[in-house]
Amino acid sequence: MANFILRKAESKDVSDILRLIKVSKVGDMVQHFVDLLEDGFGDHPFYHCFVAEVPKDQQSSEGYTVVGFAMYYFTYDPWIGKLLYLEDFYVMEEFRGFGIGSQILKVLSETAVKTRCSSMHFIVAENNTQSIDFYKRRGASDLSLEEGWRLFAIQKEELLKITAK
Amino acid sequence: MANFILRKAESKDVSDILRLIKELAKYEEMEEQVVLTEKDLLEDGFGDHPFYHCFVAEVPKDQQSSEGYTVVGFAMYYFTYDPWIGKLLYLEDFYVMEEFRGFGIGSQILKVLSETAVKTRCSSMHFIVAENNTQSIDFYKRRGASDLSLEEGWRLFAIQKEELLKITAK
């Protein structure tokens, strides 16, 4: 198997994107189809996606032709300007080893350069050595290690407490 | 001194925003790393598609800073997306001039940011903090922030422009 194409996701891809998000993560939270549709393909997209598609005769064992995706958006660094932020990146297990992941990363890199971004940022779990190696082989640097950055969150219930003060 | 207002930044504020960005960078001893110009800030924040949003804190003219500034603090944020839970508010930069600290400007900025996050149906507000910046870490922890790097092991990675170009050339 070597045939695949990478293309910009369209609104018709939302159910495949939701399926791949669910498969790529283990968790209790469930995103909703309607939100994904509105948030990505409404007047103001909050994210962008590329999908990897194979021909019908090479579909997955369950009959899917959309076999991988990458979700990204633009962020901003007050020192250097626009950045491309890679949020999610997944290729179905039966379609790995054919260069789909590398091609996705190439298209993302081209997008970053074309849109005049200074860098591509993303987070990786420290125990995900496979992904860390994949990215390091392609020139990624660990800013948490080098510069000591830690990611913090103030969840909704805490935000509401702040607004009530 | 207790009089200040918080308001949405306008295009006329870009020179003050850049000044405060540089002041914060100077405090981190990284001032020469700020390559962004007023023109970039104007285009990127007040064009057809804003890549960031800002609030600024302003004092009356009679309470201006020792160098004559009335815009004395700012917060820069934008919206990010979590495939599981949807929209998030990402706090990128947050700074109040030293001579105007201790008057509640920082707390008020955080309150307005929280209101914005709730109003725009964001599930959470995210931001990064340097692990040695104990003062900021305490400020945020007092307001309910959790350290996801510590709890979940997340590490921030970057592929810089020169490396991106190498990938595109393959």
Side-chain angles (χ1 to χ4, degrees), chain A residues 21 25 27 29-31 35-36 39 46-47 71 73-82 85 87-88 105-106 109-110 112-113 117-127 132 135 138-145 147-163 165, chain B residues 21 25 30 33-36 40 44 51-52 76 78-87 90 92-93 110-111 114-115 117-118 122-132 137 140 143-150 152-168 170:
Chain A
I21 288 171
K25 294 187 193 270
M29 301 286 241
V30 181
Q31 177 62 301
D35 294 330
L36 261 185
D39 293 342
F46 285 90
Y47 70 87
M71 177 186 274
Y73 41 81
F74 296 98
T75 59
Y76 203 76
D77 181 308
W79 296 357
I80 51 179
K82 284 189 299 199
Y85 190 88
E87 173 61 47
D88 222 359
L105 206 69
K106 183 173 180 180
S109 304
E110 285 166 352
V113 172
C117 292
S118 310
S119 183
M120 176 160 72
H121 280 197
F122 46 94
I123 54 174
V124 191
E126 63 196 355
N127 60 4
I132 290 177
Y135 291 120
R138 287 154 179 82
S141 41
D142 182 340
L143 298 187
S144 283
L145 204 65
E147 300 178 10
W149 294 110
R150 299 233 283 254
L151 177 65
F152 278 73
I154 300 183
Q155 306 293 358
K156 183 93 168 259
E157 39 183 277
E158 300 294 336
L159 292 175
L160 287 165
K161 285 186 198 165
I162 295 171
T163 63
K165 283 194 199 156
Chain B
I21 287 172
M30 300 279 220
Q33 304 247 16
V34 181
V35 298
L36 218 54
D40 294 325
D44 296 338
F51 286 90
Y52 70 86
M76 177 186 274
Y78 41 81
F79 296 97
T80 58
Y81 202 77
D82 181 306
W84 264 140
I85 51 178
K87 285 188 299 197
Y90 190 88
E92 175 60 51
D93 232 7
L110 207 69
K111 183 172 180 182
S114 304
E115 286 167 351
V118 171
C122 291
S123 310
S124 185
M125 176 159 74
H126 281 195
F127 46 95
I128 54 173
V129 191
E131 61 194 358
N132 61 2
I137 290 177
Y140 291 120
R143 286 154 181 81
S146 40
D147 181 341
L148 298 187
S149 282
L150 203 64
E152 300 176 12
W154 292 112
R155 296 235 284 255
L156 177 66
F157 279 71
I159 301 181
Q160 305 292 358
K161 182 92 169 261
E162 38 183 278
E163 300 294 336
L164 292 176
L165 287 164
K166 285 186 196 167
I167 294 169
T168 63
K170 282 190 199 157

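Naming convention: chains lettered A, B, ... in sequence-line order (proteins, then strands); numbering from 1 in each chain.
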Separation of [Y] [atom2] from [X] [atom1] (nearest 0.5 Å):
X	Y	atom1	atom2	value
A:Lys82	B:Asp40	NZ	CG	9.5 Å
B:Phe157	A:Met120	CZ	CE	12.5 Å
A:Ile162	B:Arg143	CD1	CZ	7.0 Å
B:Ser149	A:Ile123	OG	CD1	7.5 Å

Segment of [X] engaging chain B (4.5 angstrom heavy-atom cut-off):
X	answer
A:Asp88	side chain
A:Phe46	both
A:Met71	side chain

Leading residue by heavy atom contact count with chain B [cutoff under 4.5 Å; candidates A:Ala140, A:Gly81, A:Pro78]: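 Most heavy-atom pairs under 4.5 Å with chain B: A:Pro78.
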Interface residue of largest heavy-atom contact number with chain B, from A:Glu110, A:Glu158, A:Glu126, under 4.5 Å: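 Looking at each of A:Glu110, A:Glu158, A:Glu126 in turn, A:Glu126 comes out on top.
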Test item: B:Phe79 and A:Thr75 side chains (from C-beta on) under 4.5 Å apart, heavy atoms: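 SC-SC contact between B:Phe79 and A:Thr75 ruled out.
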side-chain hydrogen bond (donor to acceptor under 3.5 Å, both in side chains) partner of B:Gln160, the single match among A:Ser118, A:Ser119, A:Ser141: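 Of the listed residues A:Ser118, A:Ser119, A:Ser141, the side-chain hydrogen bond (donor to acceptor under 3.5 Å, both in side chains) partner of B:Gln160 is A:Ser119.
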Please determine, among [options], the option with the most heavy-atom pairs under 4.5 Å with chain A.
options	value
B:Leu156, B:Leu164, B:Val34	B:Leu156
B:Tyr90, B:Trp154, B:Tyr52, B:Tyr140	B:Trp154
B:Val118, B:Leu150, B:Leu148, B:Val129	B:Val129
B:Lys166, B:Met30, B:Glu152, B:Glu162	B:Met30
B:Leu110, B:Ile137, B:Ile21	B:Ile21

Proximity breakdown for B:Asn132 and chain A, heavy-atom pairs closer than 4.5 Å: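 For B:Asn132, there is no contact with chain A at all, as no heavy atom is under 4.5 Å.
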Test side-chain contact (heavy atoms from CB on, under 4.5 Å) applied to B:Ser114 and A:Leu160, A:Ile154, A:Thr163, the passing residue: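 Testing each of A:Leu160, A:Ile154, A:Thr163 against B:Ser114, the sole residue satisfying side-chain contact (heavy atoms from CB on, under 4.5 Å) is A:Thr163.
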Contact summary for B:Lys161 and A:Cys117, nearest pair of heavy atoms: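 Residues B:Lys161 and A:Cys117, closest heavy atoms: CD-O, 3.4 Å.
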Over all atoms of both residues, closest heavy-atom pair of B:Tyr81 and A:Asp39: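 In terms of heavy atoms, the two residues are closest at OH-OD2, 2.8 Å.
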